[in-house]
Amino acid sequence: MLVATWNINSIRMRIPRLQQWLESKRPDVVCLQETKVVDDDFPLEPLRALGYHCSYRGEKSYNGVAILSLAPPADLETRLPDDGANAPCRFIAGTFGGVRIINIYAPNGSEVGSDKYAFKLEWYKRLRRYLDDRGDPQGQVLVCGDFNVAPEDRDVWDPGKWSGQILCSAPERNAFRELLAWGLSDALRMLCPEGGLYTWWDYRGGAFHRGWGLRIDHVLLSSSLARRCLQVEIDREARKGEKPSDHAPVIATIDEP
DNA sequence: ATGGCTACTCCTAGTAGA
């Protein structure tokens, strides 16, 4: 089973790329973030034509999440239980082949100490509470998406420059560790200890080609899935060429039970 | 130190991303 996560930065801008990529990779499940489109305008047809079921919740301009899947979803959830009526679209979950797949787009946080930063930390607490209340760490649980946290210094191209900054601050890293402590493993780190593995590069200043990146998109696995995880790949090819997203997809291969 | 790209929007400037 191939499960991918990709912050697509506008699904409508990225449809040609997404189509090509789906055709070449054929993941079973694709978790997308920052679709930036209201549900009425979601580009269903080209994705259906490739055989994908689409589950999504979006809003105008910002945020928005979707799950594309070769099999239909079961038990779809499109918000955190304690999300308010106007809460940003940052959460969607479904069950695929017995695996509970939770797709998240964590808040960016803007600047350490800002209101948005406080919202980010609170959002992480609510996600952890959701797992406590609704999840089973002994079950098959996969949490993936854009976490907007680089968990350790080896996930940062210049740890000195980023020290204490947004995406790298100690409270953010603690919030991420609190998720892991529920009973999840960082799939990529389980298999690849080396530095220099990034999933996001700034559009500015030729950051991608200079290797100025951060690893902020993750696939987290409960122990029963972690034991079956064969491979995790960051698809840097998808960050190259014309009109890329600023994020690369992460693809995990899970062996059949 | 300078947010130097990109995408969005009741759009040609301001906001947000990370």
Side-chain angles (χ1 to χ4, degrees), chain A residues 5-18 21 31-43 56-66 86-91 103-124 127 144-176 188 196-218 234 236 238-250:
Chain A
T5 179
W6 193 4
N7 181 319
I8 194 100
N9 186 15
S10 171
I11 194 169
R12 287 176 294 179
M13 285 299 297
R14 227 63 68 200
I15 270 290
R17 260 184 183 275
L18 179 58
W21 184 82
C31 295
L32 300 175
Q33 305 86 35
E34 286 207 89
T35 52
K36 296 188 176 178
V37 66
V38 295
D39 292 349
D40 285 346
D41 294 335
F42 190 89
Y56 46 87
R57 194 163 82 86
E59 61 190 80
K60 194 169 67 173
S61 301
Y62 306 117
N63 311 312
V65 284
N86 296 323
C89 300
R90 297 182 175 278
F91 176 98
N103 173 19
I104 63 116
Y105 173 46
N108 165 290
S110 188
E111 269 181 79
V112 173
S114 67
D115 290 350
K116 289 178 179 176
Y117 182 75
F119 177 77
K120 177 178 193 172
L121 297 178
E122 187 57 32
W123 190 91
Y124 261 92
L127 179 60
C144 70
D146 178 355
F147 288 75
N148 269 317
V149 173
E152 301 176 38
D153 280 353
R154 61 179 161 163
D155 301 312
V156 181
W157 66 277
D158 184 345
K161 184 187 176 84
W162 281 85
S163 175
Q165 299 299 304
I166 196 68
L167 315 182
C168 300
S169 73
E172 290 166 274
R173 286 176 167 179
N174 287 337
F176 182 81
L188 184 126
L197 302 174
Y198 309 132
T199 65
W200 170 84
W201 301 260
D202 200 302
Y203 281 124
R204 293 164 294 191
F208 179 69
H209 296 286
R210 293 173 197 246
W212 296 350
L214 302 179
R215 192 176 71 96
I216 57 176
D217 302 270
H218 309 296
I234 299 169
R236 298 178 73 262
R239 181 62 177 77
K240 299 177 180 175
E242 289 292 302
K243 290 244 171 233
S245 168
D246 45 354
H247 295 249
V250 182

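Naming: A, B, ... by sequence-line order, numbering from 1 per chain.
Ion pairing of D153(A) with R173(A) is present here, as a side-chain N (NZ or NE/NH1/NH2) and a carboxylate O approach within less than 4.0 Å.
Summarising the geometry, the separation between CH2 on W200(A) and P on dG17(B) is reported as 13 Å, rounded to the nearest angstrom. Rounded to a whole Å, the CZ atom of R210(A) is 15 Å from the P atom of dG4(B). Between N63(A) atom CG and dG17(B) atom C1' the separation is 10 Å, expressed in whole Å. Between F119(A) atom CZ and dG17(B) atom P there is a gap of 11 Å when expressed in whole angstrom units. Computed from coordinates, the I166(A) CD1 to dA16(B) C1' distance equals 13 Å when rounded to whole Å. The nearest whole Å value for the distance from the NZ atom in K120(A) to the C1' atom in dG17(B) is 11 Å. The nearest whole Å value for the distance from the CZ atom in R17(A) to the P atom in dT6(B) is 12 Å. In this structure, L167(A) places its CG atom 10 Å from C1' of dG17(B), rounding to the nearest Å.
Dashed line: the shortest gap from a side-chain N or O of R204(A) to OP1 or OP2 of dG4(B) is under 4.0 Å. Checking the phosphate oxygens (OP1, OP2) of dC5(B), no side-chain nitrogen or oxygen of K243(A) falls inside 4.0 Å.
Only the P atoms considered, dC5(B) is 26 Å distant from dC11(B), to the nearest whole Å. dT2(B) and dA7(B) are spaced 25 Å apart, taking the P atom of each and rounding to whole Å. Rounded to whole Å, the P atom of dG4(B) lies 14 Å from the corresponding atom of dG14(B). Nucleotides dA1(B) and dT6(B) are separated by 27 Å at their P atoms, to the nearest Å.
Of the two residues near DNA chain B, G205(A) and N148(A), the one whose nearest nucleotide lies more 5' is G205(A). The 5' end of DNA chain B is approached more closely, in terms of each residue's nearest nucleotide, by G206(A) than by the other of G109(A) and G206(A).
Each of F208(A), Y198(A), W201(A), W212(A) was scored for a ring-ring contact (aromatic ring centres under 6.0 Å, His included) with W157(A), with one residue passing: W212(A).
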Query raised in the report: If the sugar-phosphate is the primed atoms plus P, OP1 and OP2 and the base is the rest, what is the B/S/- string for nucleotides 8-14 of chain B, using protein heavy atoms under 4.0 Å?
Result: SSS----
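Among the protein residues, Q165(A) comes within range of no part of the nucleic acid, since none of its heavy atoms lies under 4.0 Å from any strand. Across all strands, Y198(A) comes closer than 4.0 Å to no nucleic acid atom at all (heavy-atom distances).
Judged purely by atom type and a 3.5 angstrom limit, S110(A) has no side-chain atom pairing as donor or acceptor with the backbone of Y117(A).
Between Y56(A) and F42(A), the two ring planes are parallel [angle under 30°; tilted spans 30° to 60°]. The aromatic rings of W200(A) and H247(A) sit tilted, their planes meeting at an angle between 30° and 60°.
Take F91(A) and apply the ring-ring contact (aromatic ring centres under 6.0 Å, His included) test, not counting sequence neighbours, and it matches Y130(A). With sequence neighbours excluded, no residue satisfies ring-ring contact (aromatic ring centres under 6.0 Å, His included) with Y105(A).
Contact record, N9(A) with S245(A): CB-OG, 3.8 Å, taken as the closest heavy-atom pair.
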